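One structure is given here, and the rest of the page talks about it.
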Amino acid sequence: MCNGCVQKEYPDRGNTCLESGSYLMNYLGCANCHRRDFVLISNKTTEDDDGEEIVTYDHVCKSCDHIVARHEYTFSVVDDYQEYTMLCMLCGKAEDSISVLPDDPRQTASLF
């Protein structure tokens, strides 16, 4: 992973969790070959670890195969909520929680 390729390491992305893709707004260009070309995804793996789905892959410079960052995305169901997390030097850090019920009890409780 290379901090010379990104504007900001692990930017806060709020609740935007990417299972695939790249956050190119944070990409300065390759610190190895000094080109600002596309970032490819390589070495993508998906694991199911006791009900938690873990997706990992590398962001790689298209021109020289330099590894820009390693991306990790997780998905799980905890109680009545779908939980998402993302951690990546390029794409940032984020987490989200969405109710599997038609009406989210957390939002209903905050109305009263």
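Heads up: numbering here begins at 1 and tracks the sequence. Predicted model only: the values in this text are computed from it and were never measured.
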From Asp58 CG over to Asn43 CG, what is the distance, rounded to the nearest 0.5 angstrom? 4.5 Å
Without placing hydrogens or testing angles, list every side-chain donor-acceptor pair under 3.5 Å for residues 45-52, not counting sequence neighbours.
residue : atom : partner : partner atom : Å
Thr45   : OG1  : Thr56   : OG1          : 2.6
Asp48   : OD1  : Gly51   : N            : 3.4

Just wondering, more than 12 heavy atoms not from Arg36 lying within 6.0 Å of its CZ? yes
Rounded distance [0.5 Å steps], OG in Ser63 versus CG in Asp37: 4.0 Å
Grab the two heavy atoms, one from Tyr57 and one from Ile41, that are nearest each other, plus how far apart they are. CD1-CG2, 3.4 Å
Side chains of Tyr10 and Leu87: does their closest heavy-atom pair fall under 4.5 Å? yes
Please answer whether the main-chain N or O of Gly14 pairs with a side-chain N or O of Asp12 as donor and acceptor at a distance below 3.5 Å. yes
Separation of Cys64 SG from His34 NE2 (nearest 0.5 Å): 9.5 Å
In this structure, would Val77 and Tyr73 fall into the same cluster of hydrophobic residues linked by side-chain contacts under 4.5 Å? yes
Nearest heavy-atom approach of Lys44 to Glu19 is NZ-O, 4.2 Å
Shortest non-hydrogen separation from Val6 to Leu28 and the atoms involved: O-CD1, 3.3 Å
Any chain of hydrophobic side-chain contacts (each under 4.5 Å) joining Phe75 to Val55? yes
About how many Å separate CG of Asp80 and CD1 of Ile98, when rounded to the nearest 0.5 Å? 14.0 Å
Is there a donor-acceptor contact under 3.5 Å linking the side chains of Glu83 and Ser97? yes
About how many Å separate CG of Asp96 and SG of Cys17, when rounded to the nearest 0.5 Å? 5.5 Å
Min side-chain heavy-atom separation His66-Cys33 under 4.5 Å: no
Closest non-hydrogen contact found for Cys5 with Val68 is CB-CG1, 3.7 Å
More than 12 heavy atoms of other residues, nucleotides or ligands under 6.0 Å from NZ of Lys62: is that the case? no
Nearest heavy atoms of His71 and His59, plus distance in Å: ND1-NE2, 3.4 Å
Using the side chain to side chain contact (heavy atoms under 4.5 Å, CB included) rule, pick out the option among Thr16, Asn15, Leu18 that qualifies with Met86. Leu18
Going from SG on Cys91 to CG on Asn26, what distance comes out if it is rounded to the nearest 0.5 angstrom? 8.0 Å
Can you establish whether the number of heavy atoms outside Glu9 located under 6.0 Å from its atom CD is more than 12? yes
Does Arg70 CZ have over 12 foreign heavy atoms under 6.0 Å away? no
State, with a plain yes or no, whether a side-chain heavy atom of Glu95 is found less than 4.5 Å away from one of Tyr84. no
Report the C-alpha distance between Val60 and Val39 in whole Å, list the side-chain angles of each, state the deciding distance to 0.1 Å, and finish with yes or no for side-chain contact (heavy atoms from CB on, under 4.5 Å). CA-CA 5 Å; Val60 178; Val39 176; 5.9 Å; no
For a side-chain contact (heavy atoms from CB on, under 4.5 Å) check, start with the C-alpha distance between Leu90 and Tyr27, then their side-chain angles and the critical distance, and finish with the verdict. CA-CA 7 Å; Leu90 175 65; Tyr27 183 55; 3.9 Å; yes
